[in-house]
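First, the structure itself, so that you have it in front of you.
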Protein chains: 2
Amino acid sequence: MNRPDDVSLFTGGPLYKEVKRRLTDSLEAARWKPGEAIPPEPQLAARYGVSIGTLRKAIDELVAENVLLRQQGRGTFVASHRGEAMRFLFFSIIGQNGSRQYPEVRLERFQRARAGDAVAQSLSVAPRAPVLQFRNSLWLGGESVGVDDITVPAALFPGLSLTRLRERDNTIYHLYEHGFGISVMRIDETLRAVAAPADVAALLGLHAASPLLLVRRVAFTLNERPVEFRLSWVNTAMHEYRREAGS
Amino acid sequence: MNRPDDVSLFTGGPLYKEVKRRLTDSLEAARWKPGEAIPPEPQLAARYGVSIGTLRKAIDELVAENVLLRQQGRGTFVASHRGEAMRFLFFSIIGQNGSRQYPEVRLERFQRARAGDAVAQSLSVAPRAPVLQFRNSLWLGGESVGVDDITVPAALFPGLSLTRLRERDNTIYHLYEHGFGISVMRIDETLRAVAAPADVAALLGLHAASPLLLVRRVAFTLNERPVEFRLSWVNTAMHEYRREAGS
DNA sequence: TTCGATTTGTTCGTATGTATT
DNA sequence: TAATACATACGAACAAATCGA
């Protein structure tokens, strides 16, 4: 017996880490798509030639990383931006009473452009590489709370258009996933306080130079490829940015 | 055999969850102190009357929550603010190049006071309960980057004084832990952009009304008891607040 | 509604590997 | 080197949730 996926002769470290790598590779290759179930544990264990306990340890780590989702009696599913699960994983604005609510998003602008040096470096593309840029305004309870300036590499999003962005009926990351096979799995954010630029202030109905929270985000796929650069200006007069740490 | 800690007849859910509760209770009761090793796995498994696998599953979760720390060949240790491990778990300011460095802290003020309504609610103490308040300025590379206004319930920190704060040779949370048996294990932060108050601006060498990042922090112990309320004003001209999400 | 098949969750026990002292 | 302690891996049995016949 020597099935192609068999891992039992692997010698470069713990077996379960190798199994995890194989699973990750299959996920990156979209062998199983977001929202779909991966094969049952006994079947995967047999395929890789490991015990079910070893397989489960590999899956455990992917579940902890929000890459897979287990449901007893149903199966193990590839994380997707379709449902509610990832809805607030990447949206951190809350009301002053602590209420979490997803914003209404309005597309304000869409254009083709070329990457500046900073954006090119963040997105790991060549300077002046073609990119798509669009601006959204975010609304919570009828109030304008922020502006997102989003830049993505044009090569990764062929056919992304103003219409496509307008017609989506879900989050932007769901559109990336469903429309372009790009799954945002991790974000890296740095925050600072700045004076509002004139155009942003106008969109938010504020005086220019009002203090705004500026969030610089880079979004990554499972294989750590950066796929989106985003600057968000947030009016924190009536809302806040929340983060928990330690457990 | 019916040892007092035996858990084998427990019926209210998974055994390992009950074992985890017992471990947590022992940690709260300071049966094992920060920095110390808990008993070896076989010994704990015998004490609770469970298999070693079940015990390990309980410990796994506490390790994932940064409550315990495992070291192969040495033992399993209670998390402590003494070492480097928790150093950057609760300090999120980085340089513009992404460098993480721990700030120099200067005590600017220390006073006894009474809790206002907002602080009292955050700290779960009665309104006008006695509290201790102190202000620190934070310095990175010779530059003043922020001001912390810290409020703690006086009842939890008997004997905390200006001298005590000045003479510490480690982080404030290490002082809480070592001097008062209070271990901060989790923080909850909300962030907003504000115009600098005059006194803070002066300390930071900025014009009044410069935009500052205001971080409102509540710190909790293992049993979710709030033990510190903190407002931090951060000058994000040369530094940033960093957070990662998703994995 | 009931029942059986499927799938993950929990628990047990054992053996062996690896790091530390 | 020997003893100790956690890490990895195996396998088995039963429990609990889900789903369709």
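Please read all numbers here as calculations on a predicted model, not as lab measurements.
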*Output all residues satisfying side chain to side chain contact (heavy atoms under 4.5 Å, CB included) with Arg74(B), sequence neighbours left out; order by chain, then residue number.*
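With sequence neighbours excluded, Arg74(B) shows a side chain to side chain contact (heavy atoms under 4.5 Å, CB included) to Gln71(B), Phe77(B), given in chain and number order.
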*Which residues pass the salt bridge (charged side-chain N to carboxylate O under 4.0 Å, His left out) test with Arg225(A), sequence neighbours left out?*
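Residues passing salt bridge (charged side-chain N to carboxylate O under 4.0 Å, His left out) with Arg225(A): none at all.
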*asked:* Suppose we screen for side chain to side chain contact (heavy atoms under 4.5 Å, CB included). Which residues come up paired with Gln72(B), at least two apart in sequence or across chains?
replied: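 Gln72(B) satisfies side chain to side chain contact (heavy atoms under 4.5 Å, CB included) with no residue once adjacent residues are dropped.
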*How would you list, by chain and number, every residue that makes a ring-ring contact (aromatic ring centres under 6.0 Å, His included) with Tyr176(B), sequence neighbours excluded?*
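Residues passing ring-ring contact (aromatic ring centres under 6.0 Å, His included) with Tyr176(B): Phe157(B), Tyr173(B).
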*Does anything in residues 76-97 of chain B pair up under side chain to side chain donor-acceptor pair (under 3.5 Å), and if so which pairs, sequence neighbours excluded?*
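Side chain to side chain donor-acceptor pair (under 3.5 Å) check on residues 76-97 of chain B returns Arg243(A)-Ser92(B), Ser80(B)-Glu177(B), Asn97(B)-Ser99(B).
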*Scan nucleotides 8-18 of chain C nucleotide by nucleotide, 5' to 3', and note B when protein non-hydrogen atoms come under 4.0 Å of the base, S if they reach only the sugar-phosphate, - if neither.*
BSBSBS---BB
_Suppose the criterion is salt bridge (charged side-chain N to carboxylate O under 4.0 Å, His left out): which pairs have a residue in residues 152-173 of chain A, not counting sequence neighbours?_
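Of all non-adjacent pairs touching residues 152-173 of chain A, none passes salt bridge (charged side-chain N to carboxylate O under 4.0 Å, His left out).
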*asked:* If the condition is side chain to side chain contact (heavy atoms under 4.5 Å, CB included), which residues does Gln101(A) pass it with, not counting sequence neighbours?
replied: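 Result, side chain to side chain contact (heavy atoms under 4.5 Å, CB included) vs Gln101(A): Leu140(A).
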*Drop me the distance from Glu228(B)'s CD to Ile182(B)'s CD1, to the nearest 0.5 angstrom.*
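Result: 10.5 Å between the selected atoms.
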*Please give the nucleotide sitting opposite dT1(C) as a Watson-Crick or G-U wobble pair, both distances under 3.5 Å, or none.*
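Pairing partner: none.
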*Give me the first and last nucleotide of DNA chain D, going 5' to 3', that has any atom under 4.0 Å from a heavy atom of chain A.*
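Range of nucleotides touched by chain A: dT8(D) to dC19(D).
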